[in-house]
Structures are given as C-alpha cells and as structure tokens.
Protein chains: 2
Amino acid sequence: MRVSIDDVAARAKVSTATVSRALRGLPKVNPATRARVLAVAQEMGYVPSPSATRLATGRTRTVGVLVPFIDRWYFAHALEGIDQELREHGYNLLLFSLGGYRHGQQRRFTEQMVRKQIDALVVLCLGLSSAELGELKLTHVPMISVGGPVEGCHGVHIDDAAAASAATQHLIDLGHRKIAHLSGGINDEKNFVVPTLRSEAFEATLRRAGLQFRPEWNVAGDFTVGEGAAAAARLFELPGERPTAIFCGSDEMALGLMFEAKRRGIRIPEDLSVIGIDDHDFSAPAGLSTMAQQPVQHGLLAAQMLLAELDGKPGAIHEENMPFKLIQRDSTAPPA
Amino acid sequence: MRVSIDDVAARAKVSTATVSRALRGLPKVNPATRARVLAVAQEMGYVPSPSATRLATGRTRTVGVLVPFIDRWYFAHALEGIDQELREHGYNLLLFSLGGYRHGQQRRFTEQMVRKQIDALVVLCLGLSSAELGELKLTHVPMISVGGPVEGCHGVHIDDAAAASAATQHLIDLGHRKIAHLSGGINDEKNFVVPTLRSEAFEATLRRAGLQFRPEWNVAGDFTVGEGAAAAARLFELPGERPTAIFCGSDEMALGLMFEAKRRGIRIPEDLSVIGIDDHDFSAPAGLSTMAQQPVQHGLLAAQMLLAELDGKPGAIHEENMPFKLIQRDSTAPPA
DNA sequence: CTGTTAGCGCGTTCAG
DNA sequence: CTGAACGCGCTAACAG
C-alpha cells in the first residue's frame, strides 16, 4: 500500500539519495539512472510523503490565507485568483476564515495556526491590530495584504480614495449637486480602513466641487445587500429635500439600495442616480454603473509576488496599485 | 527562536517523553511534573512542530475541501460552515478549487494533492467520475459530499427533487397553469446531477397536476445571474403565448431573470410569478420567493460527521437529508 | 555521478 | 509514574 523512498531505492538498486535527486530533477544524475528510477517509482505508485519532506526541508509548500468572511464577493474572487496561481506552482492553500471581524480573544490565529504550517501568508481585506501584526512579523513569514492596505505590510489593491473620488466625480460631471453617500464599515473593526478611505474621498471630492456635504445624507451599511437596503430605507425616510444621486461604497450595498428604491417607487436613474464600486457579478445584469475592480487579478498578483519571494527573489513583495475603471450602465444619468 | 521539545525537556529536567505526555494531557503523569512542564513550555513559548507530529503520527489534522468554484453562493456558505466546525476542533482546512467543472487532464487532483496531506475530504457539489472516485477510495480517506449527491459516497444535502417539486407545486397552488422552467446545468458536467434532479422533478410535478410540459419553455442557465438573465431573454423573445409563472433552478438565476424582466417592462408578480431555490443573500432584499436551504448548516454537519469518524466512531458518516422550506415573498402571486 | 551518514522534531513502545 | 531508544520518510552534507 504505502511505498516509501527506500522501497523504490531497493527496487531500482540505487541509494535513497539518488532516488530523491532523480525524482526532484536535480542535476548530476545519470540520465539512464534517472530514467530507471522514474520508471520504478511510477510502476510502484510512489508519492513522496509531504510530512517527511516538510520536516526535512522546513518548507511546507503551503500558503495561508487569512480572511474575515468567505461569502463576500471580493473575498471569494480574490481567493479564486490566489488559488489558481498557487495550484499552478504546486503550492497548497490553507484557509483561515475568522467568520467575522471579531477582535481580541476570538482571534488568536497567529500562534498555533501560522507556526510552521505555512511558508507565506496572504491577509485578505483584514485590518490587523499592531499586536497581531507584530506577532506575525516575528514568525518571519513573508506576508502580503490584498484588497485593503495593512499598515506595515505591502499589499495589492486599488487606490480606494482615487476610485471613490472618481465615482463621485462621475455623478458631479452628470450635473448632480445633491449627492448622498452609503458607506461601508458600520460593523467593521477600526483597523480596516477601506470604508473610511472611500468615505473621506467622497467628502473631499464634494467639497472640491464646491458642493455641500450633508451629514444626514451619509448612511452606513456593512457592505452587504441586506444592510444596504436597510440603510437606504433610513435615507429614503428622511424628511425634507431628496438627493438626486448617491455614491455607494460597494456594489452590493448599491444593489440593496436599488431594491429598496424599487419597492418605494423611486425610479432609477430618473429620480435617483446610483453608482457603486466593484463590478459585482450582479451589477451588469442589474444595470448598475460602477467603478470596476478585478479581485481575481489582485489575488493572482499577490500570490505571484509571494511565490517569487519564496523562490529566493528578495524584494519581490511590494506595494501595487491595481487599475479600476468607470463602467457606466443604466443607473446613472443627469438629474431630471 | 525555534524551541523544540528537547529544549523544554532539558529545562524542566525531565525526558522528552514526559513533556510530550504532559502537554497532550495524557494520564499517568504526576500533577506536579505536569504543572512544571506546562509552565516551562509556556515561558519558552514552545509550540510543537506540526510537520514532526504529522510524520510521527501519520495524521495531519487537516481536512481537504474540493470545490468547483468558490465564488458561488452555495459553496462560499458551505465553506464557512465547514471552516467553523474544523477550526473549533483544531483542524486545518486545505482548499482545492478546480476553477470550474473541467474534466479529464485538467483535474488530476487525487494523487499528489490528497495523498498524505489530509485526514478526510469534503467534496462540495462536485460530480466525480467513477475513475476519480475509485482513486479517492483507494487512499482510504474518509469522504463526504455536500450539496449534491455523489454516487458511492455519503453526503449531506437537501432532497433536490422534493424541493423542486414543492416550488413548482407552490406555483400550481397559486393557480398557475402555464409554467416555464429555467434550469441550471448548461455548462456543468454530466456527473453533477443536481440540475437534472430539479428539472425532472419540475416536469413530473407538472404532469402529475395534469399540466402541459412545453419543451420550448424550458431554458437553461449555469446557475449564475448573468446566464440567468441571458436565458430569460431567450424565453421572453419566444413568439406566441407567454407563461404566467416560472420555476428557476436557483435564486441567482431567478434574480437574473427578474433583472431582465424589469428591463423589458414585464412586471413581477403581475405579469409573471417567479420562484427559485436557495434563499440567496439577495433574495430577501429583492423580494424573491424561494425554497430556502441552509448551506452553512450543511457544511457544519458534514464536518461534524467527518470529525466524529476521525475520532474513532465508525459509521459516523451517513446520508443526511437537510430541511428546506418555502419562503413566499413578493415575486409569486395568483395569475392575473 | 553516487552512496553513507546524519539529522529534521516528535510520538511511542518497553523497561525500570 | 518516568526515561532511553527507536522510527516516521525524506533531504542535505560529505565522501568517494
């Protein structure tokens, strides 16, 4: 059943060292010998034991991915990209989901989980506390963030401020003056800065255009459709003047808002223009204008940088700003 | 930096064997000794090397999860459930994404990937060929399927035929006679039977009610919004009589259809009733009636069964039918 | 080019 | 209750 390297060596009449070298394609092995070893290994169905290899080399050929949730558009797609790249290079992907942005005791992942289990780590859209970051640094595991800047750690992501600003500017360019904002981050931890970056950019862009920033037109969701719809309801029920456009911190919240608008007979874009960020799978079918980003590419690139670093190319891990672009669909138009 | 069991043993003035026993809570260790060892280990920051433990015990404390995609509602949620349960018991989750339902050469995961890397395997909504199944069986790794029946392998999932039948019956009960069907599985592999089960149940339920089954009203998507919308477009452009209701093989496709309907001015539910299966995150905000299932629970239970089996309880892995229930929202109503 | 010899770090008999 | 010694399966020097 379980055939080990010694069995192969015996059968091929060579030493285990030679088998090891032959199988791993190392130089300095007689082609004839290599061929024989390969043949024997093949016919015996030999597969090296990863555990033994790990113990001997100290490398696991495994990359860890730390993620707050997996059931969110950005995370799932970034994961797909990371996985593709890793798999292609024979690396394993060990998934650590925190099941939420919990803090403190709930999140003691650093020690047991990371220790000697992985060669590198991807931190997905997750604000880490400085204590957590410190612990991770101590393990000397190469590390990179994806989807949101993490202080003291390189990462690949879009320029959130620029993207938010461009989205807001699109509304302004269409002629809107009364613009509201549906921001993310209502339940997120302090260290996850993405929602803040987007909100601040929104406000700055408004002011730069000489427009009024109204705090009451600033509602918050948590990046989900459900909370997006709930926040929209709060906004729509505000007395007084109505905004003619709204910038949402994510497409998923924007879609929630659109559902709520439809329920109330608010027409989009006639009564209200809506723009989000992401280019979520639902956005095209729903006709939502958005600032598109490509999480799969983010994941792919991050994994590439990690693998390069592990491959002995120091400095391979660096900050990378990914492209985003406006996709105008049916949800934005000049104000009536 | 790296402190091993020998260091702890030396410092505590005991043998490595005693350290091992003390740390793992085995009986037959003097309480005083245990306390001292624990203290020393603690202060030295000792953490056992997983690689060494694996090699010595032959167990990896890792469960593999095989999944076609991760960026789909069902998979992401089931994964969340699996992860929760695993994490709680100190198990790792090794993710294998196939990035699609590819076949043949593209899918040689069985050997290298599974061999000696995992203690058990979860197969997520993935039809396996009999050859692949055979290979997996040979590894003697406990295995369970989630979300779709896999021949020759126990699993946890809903009764797809029953759920589809109930959804269809809901439309019939409302008084609909002209019912169409948006099925999944257009691009899926033959061995993934879920779409077929649902479609067949739809047809059978129709016939049982004495209603006509019209092949031309049977369009197919691939479980995504995009394809759902595309399929809906094909349906809506058919000449002649229009259906008054439609049963969709998944909520995501149903939502795609709703977007397409809105674009064409087809009112829901006035002109067309729509029901899906899942209770996708978008369904409640969108007001979509559905046959709800709970993938997180599916994943949780599957992981529990696997862990029980690994814990020495043979027969822990068995077939389990999970509940589903009708949630009527705004997308279904009696025909006009 | 190839074989020998040590470890890698821990679990596990088997004596004591 | 505790310790000594061996083995898990493979890689990495170091000879030859």
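The chains referred to below are lettered A, B, ... by the order of the sequence lines, with proteins before strands, and numbering in each begins at 1. For clarity, every value in this text was computed on a predicted model and none was experimentally measured.
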Tell me whether the guanidinium CZ or amine NZ of Arg72(B) lies under 6.0 angstrom from the six-membered ring centre of Phe69(B) and within 45° of its axis.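 Yes, a cation-pi geometry holds between Arg72(B) and Phe69(B).
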Among side-chain atoms of Thr60(B) and Asp119(B), is any donor-acceptor pair under 3.5 angstrom?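 Side-chain D/A pair, Thr60(B) to Asp119(B): present.
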Checking side-chain polar atoms at under 3.5 Å, does Arg34(A) have a donor or acceptor matched by the opposite partner on Thr18(A)?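 Absent: no donor and acceptor within the cut-off.
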For Pro27(A) and for Asp6(B), find the nucleotide of DNA chain C with the closest heavy atom, then tell me which residue's nucleotide is more 5'.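 Looking at DNA chain C, the more 5' nearest nucleotide goes with Pro27(A).
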With DNA chain C as reference, determine whether Lys13(A) or Thr57(A) sits nearer its 5' end, using the nearest nucleotide of each.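 Mapping each residue to its closest nucleotide by heavy atoms, the 5'-most match is Lys13(A).
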To the nearest 10 degrees, what angle separates the axes at the start and end of the helix from dC1(C)-dG16(D) to dG16(C)-dC1(D), five pairs each?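 About 30°, once rounded to a multiple of 10°.
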How would you list, by chain and number, every residue that makes a side-chain contact (heavy atoms from CB on, under 4.5 Å) with [X], sequence neighbours excluded?
X	value
Gln294(B)	Gln297(B)
Ala76(B)	Asp71(A)
Asp83(B)	Ser97(A), Arg87(B), Leu93(B)
Ala78(A)	Tyr74(A), Leu124(A), Val146(A), Pro295(A)

Tell me which of Thr33(B) and Thr53(A) sits closer to the 5' end of DNA chain D, going by the nucleotide each one is nearest to.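 The residue whose closest nucleotide sits nearer the 5' end is Thr33(B).
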Any side-chain heavy atom of Met305(B) within less than 4.5 Å of one from His154(B)?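 Contact flag for Met305(B)/His154(B) side chains = no.
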Show, in sequence, the C-alpha distance, side-chain angles and deciding distance for Gln84(A) and Leu300(A), and conclude whether the side-chain contact (heavy atoms from CB on, under 4.5 Å) test is met. CA-CA 7 Å; Gln84(A) 275 176 30; Leu300(A) 219 56; 3.9 Å; yes
Please identify each residue that fulfils side-chain hydrogen bond (donor to acceptor under 3.5 Å, both in side chains) with [X], with sequence neighbours left out.
X	answer
Lys13(A)	none
Ser49(A)	none
Asn30(A)	none

Name all residues meeting the ring pair (Phe, Tyr, Trp, His ring centres under 6.0 Å) criterion together with His77(A); count only those two or more places apart in sequence or in a different chain, and write none if there are none.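 Checked His77(A) against ring pair (Phe, Tyr, Trp, His ring centres under 6.0 Å); matches are Trp73(A).
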For Ser51(A), answer base if it contacts any base atom (sugar-phosphate contacts may also be present), sugar-phosphate if it contacts only those atoms, and nothing otherwise; contact means non-hydrogen atoms under 4.0 Å.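 Touches nothing.
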Heavy atoms under 4.0 Å, any strand shown: does Arg54(A) hit a base, just sugar-phosphate, or nothing?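 Nothing, no heavy atom under 4.0 Å.
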Reading DNA chain C from 5' to 3', where do the contacts with chain A start and stop? Cut-off is 4.0 Å to heavy atoms.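 Result: dC1(C) to dG9(C).
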Give the first and the last nucleotide of DNA chain D, reading 5' to 3', that has any atom under 4.0 Å from a heavy atom of chain A.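 Extent of the interface on DNA chain D: dG9(D) to dA13(D).
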Interface residues of residues 34-43 of chain B with DNA chain D (non-hydrogen, below 4.0 angstrom):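 Contacts with DNA chain D under 4.0 Å: none.
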